[in-house]
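Below is one structure, written out as C-alpha cells; the observations come after it.
For the single chain, residues carry numbers from 1 onward in sequence order. What you see is a predicted model; the values in this text were computed from it and never measured. In each ligand, atom 1 is the first atom listed, and ligand 1 is the first ligand listed.
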Amino acid sequence: MSPPTAPPPPAGHARRLILGIETSCDETAAAVVADGRDVLSNVVASQHELHAEYRGVGPEIASRAHVERIAPVLDEALAQAGVTLADLHAVAVGNRPGLIGALLVGVAAAKALAWSLGVPLVGVDHVHAHLYAGCLVPPHRALPAFPALGLVVSGGHTAIFLCESPTAIRRLGGTIDDAAGEAFDKAAAILGLPHPGGPNVDAQARTGNTRALELPMSRLAPDSLDFSFSGLKTALLYAVKGVPSHRGRPGTPPTGVSVPDACASFQRAVVEAIVFKLNRALERHPECRTLLVGGGVIANSALRAALERLAGERTLDLRLPPMPLCVDNAAMIAGLGHQLLDARAWASDPLSMSATPTVSV
Ligand code: KG4
Ligand code: ZN
C-alpha cells in the first residue's frame, strides 16, 4: 500500500509545506519547509550529553532517546511554523545512511504520519541532504547553477560529489579511513578536550600557532579525490605523547606542544587536505561554477574562511550554510525531499520503504 500522489494544496495555502524528520545519529530533528526553500521551523534535540562519557555515539542509547524525543520535537516544529498536521503536503525522512536503530525511529514516525494524513512519503539520503542545506538560506531564493561540486564533511562522512541537479548526485571520492569530524573528535580526545571535539579544537585553535607542528598531508594517488586522516591523527598522537622505543628502535619524547598550538596545527592540516582535494576536483570539473558544502565540520571557522577564499579565487557561487544548518537537521531533509518529489511528480515512496545503514553510490 502506498500513500497518494500529488495532493492538492488545501484551501488557503498557496505553498507546499513539507515536514522533515531526521534521526540518523544523535540528533532528533523535525522541521517544516515551504516550497523547498523557506525554513518555517527547524527544531533539533541534541543528545550530546548522553554520549559524552563514552566519547562517541552509543547506538542503543541514541535509539532510545529518539523514541522519547520524537513526538515532542514534532509538536514543537509544527508549533514554531504555525501550522497543523492538516496543513502538510508531504512527509520527508532521512532513511539512509546512519545507525539502523536510530533511522528506524524517524522512518516509523514518518510512515505513520504520511499514512494517517494521506500525503506522500519521501525517503531522503542524509549525506545528499547536507549538500542542500546551503540552498535554504536567504538571500538565495533560487536554486544555484548546476552542475555543482559538492563537499560533505561531518562526523561520519567526508566526500566530494558531482551534482548534476539537486537530486542527481554522484560521489567522486571520499575518506578511506576516518571522516574529518571523527579525526577532530579523536584529536580532541588525544588533547584531553571534551566530546564532541570539533568545536573545542576550533575554539582552542583561535589562540594557537598553525605552524607549531609540521603534520603530514595525505595526497594519495596523483589523480585521487579520496581522503585519509588516520596518519594525521597518529602524527598528532606522537607529537603530544612521544613515540615509545620499540624493538631496539629509539623512541622520541613528547614535543611539549601547547594545546592551542596543537589544535591550530591539526586544524590547518585538515583544512589544507580538504582544499587540496577540492582544487583537484575543480580542475577536473571546470564546468562546475557552484560549490555546495555541508556537514558539521563546515561549522569550523578555519574551513569556512578557506572555502570563502577558494570561492573568491575561482569565482564560484559558494553556498555556505549557517551553523544550525551545517550540523544534522531536518530542514535539509525537507528541502531535498521537496526536490525529489518535484522530480517524480509527487509520487510517494511505498510504506514498505526501508531504512538503510549504508551510503548511496
Ligand atoms: O553533520 P554532523 O552534525 O553529524 C554527522 O552527520 O556526522 O557532524 C558532527 C561532526 C562532529 O565530529 C563534530 O566534532 C564536528 O562535526 N564539528 C566540528 C565543528 N563543529 C562540529 N568540527 C570542527 N570544527 C567545528 N567548529
Ligand atoms: Zn550529518
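- Side-chain atoms of Ser265 and Gln267 include no donor-acceptor pair closer than 3.5 Å.
- A donor and an acceptor atom, one from each side chain of Thr28 and His66, are located under 3.5 Å apart.
- At under 3.5 Å, not a single nitrogen or oxygen of His157, backbone or side chain, sits near a nitrogen or oxygen of ligand 1.
- Between the Zn ion (ligand 2) and the N, O or S atoms of Asp328, the shortest distance is to OD1.
- Side chains of Asn329 and Glu27: no donor on one and acceptor on the other come within 3.5 Å.
- When each atom of ligand 1 is checked for a heavy atom of Ala299 under 4.0 Å away, the hits are 20 (N), 26 (N).
- Checking His130 against the Zn ion (ligand 2), an N/O/S atom falls under the 2.8 Å cut-off.
- Within the structure, the closest approach of Pro199 to ligand 1 falls below 4.0 Å when heavy atoms are considered.
- For Arg64, the CZ atom sits in a loose shell: 12 or fewer heavy atoms of surrounding residues, nucleotides or ligands are nearer than 6.0 Å.
- Sparse packing is recorded around OH of Tyr238, with 12 or fewer heavy atoms of other residues, nucleotides or ligands lying under 6.0 Å away.
- At a heavy-atom distance under 4.0 Å, atoms from both the backbone and the side chain of Val327 approach ligand 1.
- Residue Ser301 has no N or O atom closer than 3.5 Å to an N or O atom of ligand 1.
- Residue Gly156 places at least one N or O, backbone or side chain, under 3.5 Å from an N or O of ligand 1.
- Cation-pi geometry between Arg170 and Phe161 is not met at under 6.0 angstrom from the ring centre and within 45 degrees of the axis.
- Applying the 4.0 Å criterion to heavy atoms of Gly181 picks out, from ligand 1, the atoms 12 (O).
- Side chains of Asp178 and Ser230: a donor-acceptor N/O pair is absent below 3.5 angstrom, by distance only.
- Under a 4.0 Å criterion applied to the non-hydrogen atoms of His126, ligand 1 contributes the atoms 6 (O).
- Using a 4.0 angstrom heavy-atom cutoff, His130 counts as in contact with ligand 1.
- In summary, of the residues considered (Leu316, Val293, Ile160, Leu225), a side-chain contact (heavy atoms from CB on, under 4.5 Å) with Leu278 occurs for Ile160 alone.
- For atom 22 (N) of ligand 1, the choice among Gly198, Cys326, Ala188 with the nearest heavy atom turns out to be Gly198.
- Interatomic distance, Asp125 CG to Thr167 OG1, rounded to the nearest 0.5 Å: 12.0 Å.
- At least one side-chain heavy atom of Leu282 sits under 4.5 Å from a side-chain heavy atom of Leu149.
- At a heavy-atom cutoff of 4.0 Å, ligand 1 is contacted by both the backbone and the side chain of Asn300.
- Looking at Val127, Asp185, Asp26 and measuring to atom 13 (C) of ligand 1, the nearest heavy atom belongs to Asp185.
- In summary, Cys25 places no N/O/S atom under 2.8 Å from the Zn ion (ligand 2), failing the contact criterion.
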